[in-house]
Amino acid sequence: QVQLVESGGGVAQPGGSLKVSCEVSGFTLEHHAVGWFRQAPGKERERVSCISTDGKIYYTASVKGRFTIARDNAKKTVMMAMDSLKPEDTGVYYCAADLPPSLITSTMCVLSKPSWGQGTQVTVSA
């Protein structure tokens, strides 16, 4: 059974840092692209960052230079470090693992059949 469990997140002040992690089970992580998405209250879910099976990485423009995604296939975990946080980074953060074909480049992230985790809350507030 495919399962994704997000952890980390929490509350940070503007300019602070947080880290979210996504631990997967029920499948071999190295065969799957993974993406982080977020949804703010009253807004649609948006794509934040994606990483392909061969390490190609996508960031949405608003987080470039502040967020860093990484994968550890042996630990079946995908992490995202978030620095210089802003109030607009607030939301529920979800990870999604995708079956091929996925299309991930530095400017694009398309997941064809993502499986989703339950999400973890990130709140950036003074």
Side-chain angles (χ1 to χ4, degrees):
Q1 181 180 358
V2 173
Q3 190 171 11
L4 297 90
V5 179
E6 299 94 338
S7 62
V11 180
Q13 292 187 340
S17 299
L18 288 171
K19 187 175 183 179
V20 290
S21 295
C22 175
E23 185 172 358
V24 309
S25 60
F27 62 95
T28 304
L29 179 61
E30 65 184 15
H31 297 156
H32 295 264
V34 176
W36 280 100
F37 295 71
R38 66 187 177 192
Q39 188 165 19
K43 294 188 176 181
E44 293 187 357
R45 191 173 297 188
E46 68 167 331
R47 192 176 291 106
V48 178
S49 180
C50 303
I51 185 166
S52 70
T53 55
D54 60 354
K56 295 185 182 68
I57 291 175
Y58 164 87
Y59 295 107
T60 192
S62 62
V63 308
K64 279 184 180 178
R66 301 188 299 118
F67 288 15
T68 304
I69 192 172
R71 62 191 297 155
D72 186 333
N73 293 331
K75 294 183 178 179
K76 306 191 79 171
T77 301
V78 175
M79 300 78 70
M80 186 166 69
M82 304 180 291
D83 299 315
S84 302
L85 284 163
K86 303 176 180 180
E88 52 263 41
D89 294 319
T90 295
V92 180
Y93 281 68
Y94 299 90
C95 67
D98 195 35
L99 290 172
S102 307
L103 178 57
I104 298 175
T105 69
S106 62
T107 58
M108 184 182 301
C109 171
V110 178
L111 305 185
S112 56
K113 290 185 179 180
S115 296
W116 296 92
Q118 293 300 305
T120 185
Q121 177 70 45
V122 170
T123 301
V124 184
S125 174

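Both backbone and side-chain heavy atoms feed into the values below; hydrogens, waters and symmetry mates do not.
No continuous path of hydrophobic side-chain contacts links M79 to V24 [ILVMFWY only; heavy atoms under 4.5 Å]. One hydrophobic cluster, built from ILVMFWY side chains closer than 4.5 Å, holds both I51 and V20.
Taking SG of C109 as the reference point, atom CD1 of I57 lies at 11.5 Å (rounded to 0.5 Å). With values rounded to the nearest 0.5 angstrom, L29 atom CG is found 7.5 Å from K76 atom NZ. The CD atom of Q121 sits 7.5 Å away from the OG1 atom of T90 when rounded to the nearest 0.5 Å. Between the OH atom in Y59 and the CD1 atom in I69 there is a gap of 6.5 Å [rounded to 0.5 Å]. One finds the CE atom of M80 at 5.5 Å from the CZ atom of F67 (value rounded to the nearest 0.5 Å).
When all heavy atoms of S106 and Y58 are compared, the closest pair comes out as O-CD1, 3.7 Å. In terms of heavy atoms, V122 sits closest to D89 at CG1-O, 4.2 Å. Considering every non-hydrogen atom in both Y94 and W116, the closest pair reads CB-CE3, 3.9 Å. Shortest non-hydrogen contact noted between S115 and L4 is O-CD1, 3.6 Å. Taking each heavy atom of K75 and T77 in turn, the nearest pair found is O-OG1, 2.9 Å. Taking each heavy atom of C50 and I104 in turn, the nearest pair found is CB-CD1, 3.7 Å.
Screening residues 2-28 for side chain to side chain donor-acceptor pair (under 3.5 Å), with sequence neighbours left out, gives S17-D83. Residue pairs meeting the side chain to side chain donor-acceptor pair (under 3.5 Å) criterion with at least one partner in residues 42-55, sequence neighbours excluded, are R38-E46, S52-D54, D54-K56.
When the side-chain hydrogen bond (donor to acceptor under 3.5 Å, both in side chains) test is applied to Q118, no partner is found at least two apart in sequence or on another chain.
At distances below 3.5 Å, at least one donor-acceptor pair connects side-chain atoms of T120 with backbone N or O atoms of G8. Without hydrogens or angle criteria, D98 side chain to V34 main chain gives no donor-acceptor distance under 3.5 Å.
Ring geometry, H32 versus F27: the interplanar angle exceeds 60°, so the pair is classed perpendicular (tilted spans 30 to 60°).
Proximity of Y93 to L18: side-chain heavy atoms (C-beta onward) are nowhere separated by under 4.5 Å.
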